[in-house]
Amino acid sequence: MSETIGQVFRGADAVAGPSRVELEAKLFSGLADPKRLALLRLLVGGPRTAGELARAASLSPSSASNHLRCLLECGLVALEPRGRYNVYRLATPAVGRLLDASARVLADSAPLIEA
């Protein structure tokens, strides 16, 4: 059985709270920032400290920290304190798969997206 737009947007069984579509929109809104996306792409290669990420992404330490906090609060990255350093990694392999999927979509659709 197909869902109506209303069911998809509100959730067929939802009583209160954000729908799945609204949550997905928030996820993609977080990914839409080029700096946050760059930080995630850097973490595909493995865990890095906040300082390493800031340097690699050409961000100030405070800017990198703000973006990493956003990614942490969204559940896209995980944090492991190691002595004086905070080491970040992708929260789950699914985040890397999402980035891979977006690269495939972009490969197919780049000219249309640019237009």
Side-chain angles (χ1 to χ4, degrees):
M1 174 175 16
S2 77
E3 296 176 292
T4 68
I5 289 291
Q7 288 171 320
V8 169
F9 200 68
R10 285 186 304 281
D13 300 322
V15 176
S19 71
R20 182 176 179 91
V21 170
E22 290 165 326
L23 290 173
E24 284 182 42
K26 284 185 175 186
L27 168 68
F28 284 107
S29 177
L31 293 171
D33 186 284
K35 294 171 184 164
R36 287 193 290 271
L37 191 55
L39 291 168
L40 289 172
R41 290 257 175 231
L42 288 166
L43 289 172
V44 168
R48 292 186 181 210
T49 66
E52 290 170 336
L53 288 165
R55 284 187 296 280
S58 300
L59 297 172
S60 70
S62 64
S63 178
S65 177
N66 288 335
H67 287 295
L68 288 165
R69 186 177 326 109
C70 176
L71 293 169
L72 184 64
E73 289 171 357
C74 289
L76 296 172
V77 300
L79 168 68
E80 179 185 335
R82 288 190 195 161
R84 297 183 322 130
Y85 302 100
N86 287 326
V87 178
Y88 291 86
R89 63 173 172 75
L90 296 180
T92 69
V95 177
R97 291 191 301 271
L98 176 61
L99 295 171
D100 288 343
S102 72
R104 288 191 303 276
V105 168
L106 186 60
D108 293 341
S109 304
L112 296 172
I113 293 170
E114 279 187 60

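It should be emphasised that the depicted structure is a prediction, and the values quoted were computed from it without experimental measurement. What you see below is based on every heavy atom in this structure, not just the backbone, and it leaves out hydrogens, waters and symmetry mates.
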Listed partners of S60 passing side-chain hydrogen bond (donor to acceptor under 3.5 Å, both in side chains), at least two apart: S62
Reported OH-to-CG distance for the pair Y88 and L39, which is rounded to 0.5 angstrom: 10.0 Å
Pairing residues for A54 by the side-chain contact (heavy atoms from CB on, under 4.5 Å) criterion, not counting sequence neighbours: A64
T49 versus E52, closest heavy-atom pair with distance: N-OE1, 2.9 Å
Residues that P61 engages under side-chain contact (heavy atoms from CB on, under 4.5 Å), provided they are two or more places apart: none
Approximate separation, where rounding is to 0.5 Å, of N66 CG and K35 NZ: 10.5 Å
Listed once per pair and sorted, the salt bridge (Lys or Arg N to Asp or Glu O under 4.0 Å) pairs that draw on residues 66-85, sequence neighbours left out: E80-R82
Cluster check L71, L27: I/L/V/M/F/W/Y, side chain < 4.5 angstrom: yes
Any residue meeting side-chain hydrogen bond (donor to acceptor under 3.5 Å, both in side chains) with R36, in chain and number order, not counting sequence neighbours: H67
Test log, rule side chain to side chain contact (heavy atoms under 4.5 Å, CB included), inputs L76 and L98: CA-CA 11 Å; L76 296 172; L98 176 61; 5.6 Å; no
Atom of P47, atom of V87 and distance for their closest heavy-atom approach: CB-CG1, 3.6 Å
Contacts of type side-chain hydrogen bond (donor to acceptor under 3.5 Å, both in side chains), residue S102, not counting sequence neighbours: R41
Partner set under salt bridge (charged side-chain N to carboxylate O under 4.0 Å, His left out) for E24, not counting sequence neighbours: R20
With sequence neighbours excluded, residues passing side-chain hydrogen bond (donor to acceptor under 3.5 Å, both in side chains) with D100: none
For A94, side-chain contact (heavy atoms from CB on, under 4.5 Å) partners two or more places apart: T92, R97
Same cluster (ILVMFWY, side-chain, under 4.5 Å), L37 and F28: yes
Minimum heavy-atom distance A56-L42, with the two atoms named: CB-CD1, 3.7 Å
Check against side chain to side chain contact (heavy atoms under 4.5 Å, CB included), L59 and L53: CA-CA 8 Å; L59 297 172; L53 288 165; over 6 Å; no
Partners meeting side-chain contact (heavy atoms from CB on, under 4.5 Å) with L90 (sequence neighbours left out): L40, L43, V44, V95
Side chain S109, main chain L112, donor-acceptor under 3.5 Å: no
